[in-house]
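Starting from 1, each residue takes its place in the sequence as its number.
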Amino acid sequence: MGGSVDSTAIQVDQIYHGDCVQVLNSLPEQSVDLIFADPPYNLQLQQELRRPNQSLVDAVNDEWDQFESFAAYDAFTRQWLTACQRVLKDTGTLWVIGSYHNIYRIGALLQDLDFWLLNSIIWVKANPMPNFRGVRFTHAHEELIWASKRKGSRHTFNHHAMKSLNDDLQMRSDWLLPICSGAERIQENGHKAHSTQKPESLLERVILSSSNVGDVILDPFFGTGTTGAVAKRLHRRWIGIERDAHYVQIAQQRIDATSPAASETDLPISLDKKRTQRRVPFRNLIEAGLLTAGQTLYFRADRTLLAQIQPGGKLSVDGFTGSIHATGKRLTHNNNSPCNGWTSWYYETPDGAMVMIDTLRQSYLESIWGK
């Protein structure tokens, strides 16, 4: 925490206490795989916000979110975006989150700096704060811009990881996720420790979609360390930059208390090796005679949870038909959790043993490509 920067090698898994532009400019060029930035929104609040019962709303009125003009905000934004561009690898990408107060200005500056916009993502808040004065629509979303360093740059996109989190369907650009609340929200003396703490579920999607295990994730506005905590849990390296010493302390304590997933199989199905592995559609096992249509499979070797193999390579369970992953997910206790069907479904051998179907996938690969 707060260590000096080696000019020849990136130092990871630490928080740098200081101004983000100064610290970024001291890091080696092209040393970071992914940047997630949650900059000040410049909300321009002119007065206190109160509920109908006149209680005060804990709004974003921090000094770090106040700028004297749009020109000042634009100059600040251009500085940190330029510094990010320098440290980002040619294959890396940048995510920026904001609201209608700032995201359009950031988008224009990204294009001015020759970043290439890949997607805009709408984070639809499942539980937004209402508009207490009743003079506007309830602001129920924030927007994220995903950009590569320049047009045509190769970049990481774990398409299959996102499908696995979305019932085997291509993930859309509108993400319905709750705001940070409950036990996840860090509090001090009954108040929010940070006014704009983001939910871990949001960072999980960002990091799983556009980085791989071992990649370096940088957050130039680190706050209470959500990016670092999620990166650590997902077996990525991380760098945080934060100018507020109190936030640095909170973030460090939080990350120290975070444990990495015990193994890659304990991660949400990011399957980072999927691009380098030879893929095997489940139906190939049927075509090869390793399994047969109509055969019974057992979920997690439980003889009471079973499905029948359909001729097209799907499974049928309790009137539902889908892939090995979708049917497995249907049988999990938490239907929001992804399921790796290869390691969840078992078949029964003639002698009554239960064997994971992933062993058949490996046998199939060996029969074609060798060990």
task = Verify whether one side chain among Gln308 and Thr296 offers a donor that lies under 3.5 Å from an acceptor in the other.
result = yes
ask   = What are the two closest heavy atoms between Thr349 and Val355, and how far apart are they?
value = CG2-CG2, 3.6 Å
Salt bridge Asp174-Arg172, side-chain N to carboxylate O under 4.0 Å = yes
query = Is it the case that more than 12 heavy atoms not belonging to Lys314 sit under 6.0 Å from its NZ atom?
reply = no
message = Tell me the closest heavy-atom pair linking Trp95 and Ser209, and the distance in Å.
response = CZ2-OG, 3.7 Å
inquiry  = What's the separation between atom CG in Leu24 and atom CD in Gln79, rounded to the nearest 0.5 Å?
reply    = 11.0 Å
key: Shortest non-hydrogen contact from Gly107 toward Ile145   = CA-CD1, 3.7 Å
inquiry  = Is it the case that atom CD in Gln170 sees more than 12 heavy atoms from other parts of the structure closer than 6.0 Å?
reply    = no
Cationic N near anionic O, under 4.0 Å, Asp215 to Arg236 = no
key: Donor-acceptor side-chain pairing of Glu348 and Tyr346 below 3.5 angstrom   = no
note = Closest heavy-atom pair, Val216 versus Asp33, reported as atoms and distance to 0.1 Å, is N-OD2, 2.8 Å
Set of residues satisfying ring-ring contact (aromatic ring centres under 6.0 Å, His included) with respect to Phe222, sequence neighbours excluded = Trp238
Contacts of type salt bridge (charged side-chain N to carboxylate O under 4.0 Å, His left out), residue Arg86, not counting sequence neighbours = none
query = For atom CH2 of Trp116, is the number of surrounding heavy atoms from other residues, nucleotides or ligands below 6.0 Å larger than 12?
reply = no
inquiry  = Within the supplied structure, the quantity of interest is the number of heavy atoms (other residues, nucleotides, ligands) at a distance under 6.0 Å from Arg283 CZ; does it exceed 12?
reply    = no
query = For Ala140, does its backbone N or O pair with a side-chain atom of Thr138 as donor and acceptor, under 3.5 Å?
reply = no
request  = Specify the closest pair of heavy atoms between Pro220 and Ile35, including all atoms of both residues, with the distance to one decimal.
outcome  = CD-CG2, 4.0 Å
query = Would you call Arg237 and Asp13 a salt bridge, using N to O less than 4.0 angstrom?
reply = yes
note = Tightest non-hydrogen contact, residues Ile106 and Pro39, listed as CD1-CG, 4.0 Å
key: ILVMFWY network linking Met162 to Leu176, side-chain heavy atoms under 4.5 angstrom   = no
key: Short N-O contact, Asp90 and Lys149, less than 4.0 angstrom   = yes
query = Regarding Arg105 and the six-membered ring of Phe70, is the cationic atom NZ or CZ under 6.0 Å from the ring centre and inside 45° of its axis?
reply = yes
query = Taking atom types as modelled and ignoring hydrogens, do the side chains of Ser99 and His101 form a donor-acceptor contact shorter than 3.5 angstrom?
reply = yes
inquiry  = To the closest 0.5 Å, what do you measure between OH (Tyr247) and CD1 (Ile15)?
reply    = 13.5 Å
